[in-house]
Amino acid sequence: MTEDVLQLALYAVERGKVHGFDEVAALVSMTKRTMVKFANNEVTVVQSWIDTETAIYVARRSRIMVINSACRDRECVDRVLRSAIERIDHVDVSEIYAPLPSPTGKPLTGLVDKRIVESPEIVIESVPKLIDTSLREGAEKVAGVLYAGYRRKGLATSSGAELAEEATFIEVYARAFYRENSGHWAWTSTRFDEEKIVDVGRRAASYAKISLPVTTIEPGRYTAILSPLVVGNLMTYLAHAASALMAMIGMSLFTKYGPGTRVGNEMVSIIDEPHDPELPNSTGFDDEGVETRRKYILRKGVFETYLHNTKTARRMGAETTGNAGWLDPHPWNIVVEPGDMSEDEMFREVRRGLFVLNNWYTRYQNMVEGQFSTVTRDTVIYIENGEPRAIVKRLRIAETFPNMLRSVVGVSKTRYDIAWWEVEVPTRAPFMLIENVQFTKPEV
Amino acid sequence: MDLARSLGASYAEARYHANRVSSIVLRNDRVLGAGVELEEGIGVRVIFGNVMSFAATNTLSREGVREAVESAIAKARSLAKSIRRPQNLAEAKVGRARYEVIAKRKFDAMSIEQKIEFMKDVWRHAVSSVREAKLTSFAIEYGEYEEVKEIVSSDGAHVVSYVPRIFMSVNLVLAHPQKGTAQRIVELGACGGLELLEDWKVGERVAEEVKAIENVLLHGVEPPHEPVDVVIGSEVVGLIVHESAGHPMEADRIWGREAAQAGESFVKPEMIGRERIGNEHATVVDDPTIPGSFGFYLYDDEGVPARARYIYFRGLINEPLHSRWTAYIFNTRSNAAARAMNYASEPIPRMANTYLEPGDYRFDELIEDIKLGVYVKSYMEWNIDDIRWGQRYVGLEAYMIRNGELAEPVRNPVLEFTTRTFYSSIVAKSRDLRFYPGICGKGEPMQGVPVWFGGPDVRIAKIRLGVAPR
C-alpha cells in the first residue's frame with residue numbers, strides 16, 4: 001500500500017540529481033482524514049480530506065531549500081525541481097548545512113487499525129453515542145471533536161534511504177457543561193476503541209457535574225494539582241523548546257539551560273517516544289532517514305539532550321537524535337514518566353491549593369527564561385486540608401518553567417494518552433502535584 | 001458544485017484556493033535556509049440531508065474532485081439520521097466579481113541576493129544599536145505570500161481574487177550578566193509588494209526596538225504597587241480589541257460552535273443591540289476593505305460583499321461577525337466574515353482588520369496632567385480566558401510617567417483586567433490610528449488567517465499593575 005508514495009519520492013531524488021542538486025530528500029505523504037465537530041449536543045460539520053503532500057529538500061554547494069508542494073505526479077515534481085534549481089544558487093551558504101546522513105531507519109509495523117481505513121463511517125458513528133453518554137451522565141450540553149485518519153509516507157534520499165510506513169490515528173475530545181461548571185477530557189490512539197471514545201464524554205460530564213459551591217480566592221501562591229490535560233499542554237511547549245534550532249535562535253529556555261543543567265526536581269522525567277504502537281506519531285525513521293529512538297529530554301529533572309537533526313547536531317558538536325525535520329527538529333510523542341501517587345493521595349496532600357482540570361492560551365513573556373502564563377478553564381477546585389471545598393472560576397497560572405518543574409512534589413502512577421486542540425503532540429501524561437504555583441486573576 | 005447538486009445536495013459551494021509562499025530565514029547575518037510552499041486544491045461544502053459536510057482535495061483532476069464530493073455526501077449521509085436540527089445558510093446577495101491587489105513593486109523586482117542583503121542590513125542595524133548589553137539571539141524570517149481564490153456556489157456566487165502579502169518577523173534577545181535577559185518579537189505585515197519594505201523602514205524600526213529594550217533591561221524599575229493612571233500604547237490596544245471585542249463577537253462562538261476549542265463568549269444572543277460593555281469611547285470596528293491591510297478582502301469565502309462592521313458602538317454590544325451559517329441561526333444577514341485559511345479549511349466567521357476608533361488628543365495631551373502613571377507601549381506575553389472576559393498583557397517597552405512627562409523605563413508591568421473594566425475605563429484616546437499584523441488562530445483543524453489589529457494610544461482610569469514572575 002506504501003509503494004506509490006515511495007515511487008514518487010524515489011523519482012524526485014533521481015530527477016533532483018539530474019537537475020543538478022548535490023543532495024535531495026523527498027518525503028511524500030498521502031492522507032485520508034475525517035473530522036466530526038459537534039457542539040450544543042449536535043454535529044455541526046463533518047470534514048474530510050484526501051491529500052497528497054510532497055516535501056522536497058535540496059542542497060547545492062551547501063545552500064539548502066525546502067519545498068512543500070501538493071505534487072502527486074512526476075510532471076509536478078519536475079516543475080518544482082526546475083523552479084528550485086533556478087533559485088538555489090542565489091541563496092547564501094547555510095550556516096547549518098551538513099550532508100544528508102546514511103539511512104539507518106527501519107519502518108515500524110503494527111501502526112494501522114484497518115477499521116479506521118476501511119470503515120470510517122463506523123468510526124464517526126460513535127460521535128452520537130459519545131454525546132448521548134455525556135448527556136446521560138448529566139451534562140446539559142456537550143461539544144467536541146472526533147478526528148481519525150490514515151496516512152502513508154515514503155521517504156527517499158540521495159544518501160540511500162528508501163523507506164515507507166503507514167499508520168492510523170484517532171483523537172477525541174469533549175467538553176461538557178452543567179450550569180456554571182464545565183468538564184473536559186481527551187483521548188488519542190492509533191486504534192479505534194468505541195468504549196474509549198464514549199468514555200471521553202462520560203469523564204467530561206463527570207467533572208462538569210461536580211457539585212460544590214462557587215467561590216473566589218485571592219491571587220497568590222497555592223499548591224496545585226494539574227490534570228493530564230494541563231501537563232500535556234505544558235510538556236508540549238517544553239518538548240518543542242528542546243529543538244536545537246529553537247535554542248539556537250533564542251526561542252527556547254534551553255538557549256539558557258544547556259544539557260546537563262538541572263531544570264526540575266528528580267520526579268520529572270520527560271521522554272520523546274517514537275516507538276510506542278499506541279501513540280499516533282510513532283515512526284521508525286525521521287525525515288533524513290535516520291532511525292528514531294526513545295530518549296530522555298529531562299531525566300530526573302536534568303535536561304539531557306536537545307532534539308537534533310544532522311544539521312543542528314553538527315553545529316553543536318553532537319549526534320543526531322533522529323528528530324528531523326530537515327531544518328527544525330521536533331518531538332514525536334511525549335511520555336512523562338509515572339510516579340507513585342494516586343489522584344486521591346494528591347488531594348489528601350494539599351493543605352491549601354487548587355486542582356486544575358484544563359488550560360489554554362499559554363504564552364511567553366521571555367522564552368529564554370521560560371517565563372509564561374496560561375489560563376485555566378473548565379473545572380478548578382479549591383482544596384483545603386485535603387478536601388475539595390469549592391469551584392473557582394478562570395484563574396491564570398503565571399510562572400516560569402524552571403520554578404514549576406523544581407517544585408513538583410508528586411506524580412501520579414496512572415497516565416492518560418492525550419491529544420486535543422491545546423495538546424498538539426500526543427502525550428502520555430500523569431497528574432502532577434506542584435507546590436508554590438503563582439495564580440493571578442483580573443483586576444475588576 | 002454541479003456534481004454535488006446532482007447527488008442530492010441542497011446547497012453546494014466549491015472554492016479553488018492556492019497559497020504560494022516563499023521564505024528565507026537568517027540567524028544573525030547567516031542564512032539558515034530558504035523555503036517554498038505551493039499549496040492548492042479545492043474545498044467543497046455541501047448541505048445534504050440537513051447535514052453540513054465539507055471535503056477537500058489537492059487532486060485537481062475530475063476523478064479527484066469527484067472523490068472529494070462523494071466523500072462529503074457519504075459522510076453527511078452517515079450522520080443524517082442523528083441530526084437534531086436542520087443546518088442551512090441564510091439568504092444573501094452574493095457577488096459575481098474579480099479583483100486583485102496590485103503590488104507596486106512585484107516580488108521579482110528584487111533578486112534573492114538583494115532580499116538577503118536587506119535582511120542582513122536589519123541585523124547590522126540591530127547589532128550597532130546595542131551599547132552595554134549583548135544581542136545574544138537575532139533571527140529574521142522574510143515571507144512573500146500570494147493567495148489566489150475562485151469561489152462558486154449553487155446560489156450564484158462567482159468571485160475570483162488575487163492578494164499578495166509580505167510578512168516579516170524578527171526575534172531579538174538581549175542579555176546582560178547582572179540584569180538577565182529581555183526578548184522582543186517584531187512583526188510587520190500588509191498586502192502589497194516590495195514597496196512595503198521601503199515603507200516599513202525595517203532597519204531603523206528594529207534599531208529603535210533594540211535601544212528601547214536595552215534601556216528597559218538595564219534601567220527598568222518595578223511598576224508602582226498602588227493604582228495609577230495608565231496609558232496603553234496602540235500596539236497593546238490593538239491586541240486588546242482583537243481579543244476582547246473581535247473574538248467574543250464572532251457569532252459561531254456566541255452560539256457555541258467553538259465551545260470545545262477556543263471557547264464560548266461572554267456575549268449572549270439577547271445582549272446584542274441591548275447591553276453596554278463600555279463608555280462612549282468604546283467603538284470597535286472590523287473592516288476587511290482597508291486598502292493595503294493584512295486582512296484585506298472585498299468578498300468573503302461565501303461570496304458575500306465585504307463592509308465595515310461596528311462590533312461595539314459607543315459602548316453598545318452592536319454587531320457580531322457573521323457567516324451565512326451563523327446568520328441563519330441568528331435569523332439575520334451575513335456581514336461577510338466567512339474566511340478559510342486554505343482549500344482544506346471550511347469558511348468560518350473571522351476578523352479581518354479590527355481597531356478601536358481613534359480620538360482627538362495628541363500623545364503629549366494624553367499624559368500632560370498625569371502626576372504618576374505608566375505608559376505601556378509594547379508587549380510580549382498575553383492571553384485571555386475562554387469567554388473573552390479576563391485578560392492579561394505583560395508590557396515590554398514601558399515607562400513611568402512623572403508630572404506629565406515620560407520618565408525611567410518600567411520592567412514587565414502586567415495589565416490584568418476584564419473586558420468591561422477596559423472598555424468602561426477609557427478616559428481619552430489619541431488621534432493616531434496605527435495597525436499591527438497578526439496571524440489569528442481559530443477553528444479545528446486550526447486555521448491561521450492574516451489580520452491587522454490597531455487603535456490609538458489610550459488613557460484609562462487608575463488601575464493596579466502586576467509584576468511578572470522572574
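The chains referred to below are lettered A, B, ... by the order of the sequence lines, with proteins before strands, and numbering in each begins at 1.
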Next on the checklist: Please classify the contact of P445(B) with chain A as side chain, backbone, both or neither, using a heavy-atom distance under 4.5 Å.
Outcome noted: both
Checklist outcome for this item: Greatest number of non-hydrogen atom pairs under 4.5 angstrom with chain A, of L32(B), V173(B), T418(B), L60(B), falls to L32(B)
Checklist entry - So how far is it from T34(A) OG1 to K75(B) NZ, rounded to the nearest 0.5 Å? => result 3.0 Å
Item to check | Residue, of R257(B), M380(B), E67(B), that accumulates the most heavy atom pairs under 4.5 Å with chain A | outcome: R257(B)
Checklist entry - For the side chain of W49(A) and the backbone of A344(B), is there at least one donor-acceptor N/O pair under 3.5 Å apart? => result yes
Checklist entry - Would you call E416(B) and R396(A) a salt bridge, using N to O less than 4.0 angstrom? => result yes
Item to check | Heavy-atom proximity to chain B below 4.5 Å, by part of N403(A) | outcome: side chain
Checklist entry - What do the steps show when you test K256(A) against T181(B) for side-chain hydrogen bond (donor to acceptor under 3.5 Å, both in side chains), and what is the final call? => result CA-CA 10 Å; K256(A) 177 174 173 175; T181(B) 63; 5.9 Å; no
Item to check | Closest approach of G256(B) to A39(A) (non-hydrogen atoms, all atoms of both residues) | outcome: O-CB, 3.3 Å
Checklist outcome for this item: Rounded to the nearest 0.5 Å, the CE atom of M446(B) sits from the CD atom of E424(A) at a distance of 7.0 Å
Checklist outcome for this item: When the 4.5 angstrom heavy-atom criterion is applied to R33(A) and chain B, the contacting part is neither
Checklist outcome for this item: So, the part of R315(A) with a heavy atom under 4.5 Å from chain B: the answer is side chain
Checklist entry - Ignoring hydrogens and geometry, is there a side-chain-to-backbone donor-acceptor pair from Q365(A) to E381(B) under 3.5 Å? => result yes
Checklist entry - Short question: side chain of N171(B), backbone of I249(A) - any donor-acceptor pair under 3.5 Å? => result yes
Checklist entry - Judged by atom type as modelled, is there a donor-acceptor pair below 3.5 Å linking the side chain of W421(A) to the main-chain atoms of G443(B)? => result yes
Next on the checklist: If we define contacts as heavy-atom pairs under 4.5 Å, which of Y361(A), Y97(A), F177(A), F372(A) has the most with chain B?
Outcome noted: Y361(A)
Checklist entry - Salt bridge check: are R85(B) and E42(A) linked by an N-O gap of less than 4.0 Å? => result yes
Checklist entry - Hey, what do you get for CG (N412(B)) to CG (N366(A)), rounding to the nearest 0.5 Å? => result 8.0 Å
Checklist entry - Any donor-acceptor pair under 3.5 Å linking the side chain of E444(B) with the backbone of W420(A)? => result no
Next on the checklist: Within this structure, what is the NZ-CG distance for the pair K393(A) and D385(B), rounded to the nearest 0.5 Å?
Outcome noted: 10.0 Å
Next on the checklist: If we ignore hydrogens and angles and just use 3.5 Å, is the side chain of N383(B) paired with the main-chain N or O of T362(A) as donor and acceptor?
Outcome noted: no
Checklist entry - How long is the gap from OH on Y364(A) to CD on Q183(B), to the nearest 0.5 Å? => result 9.5 Å
Checklist entry - Is R27(B) salt-bridged to E95(A), going by a charged N under 4.0 Å from an acidic O? => result yes
Next on the checklist: For A259(B), is there any backbone N or O sitting under 3.5 Å from a side-chain donor or acceptor partner on R175(A)?
Outcome noted: yes
Checklist entry - Relative to chain B, which segment of M35(A) carries a heavy atom at a distance below 4.5 Å: side chain, backbone, both, or neither? => result side chain
Checklist entry - Contact part of V127(A) toward chain B, heavy-atom cut-off under 4.5 Å: side chain, backbone, both or neither? => result neither
Checklist outcome for this item: One should read off an interatomic distance between R72(A) CZ and T59(B) OG1, to the nearest 0.5 angstrom, of 3.5 Å
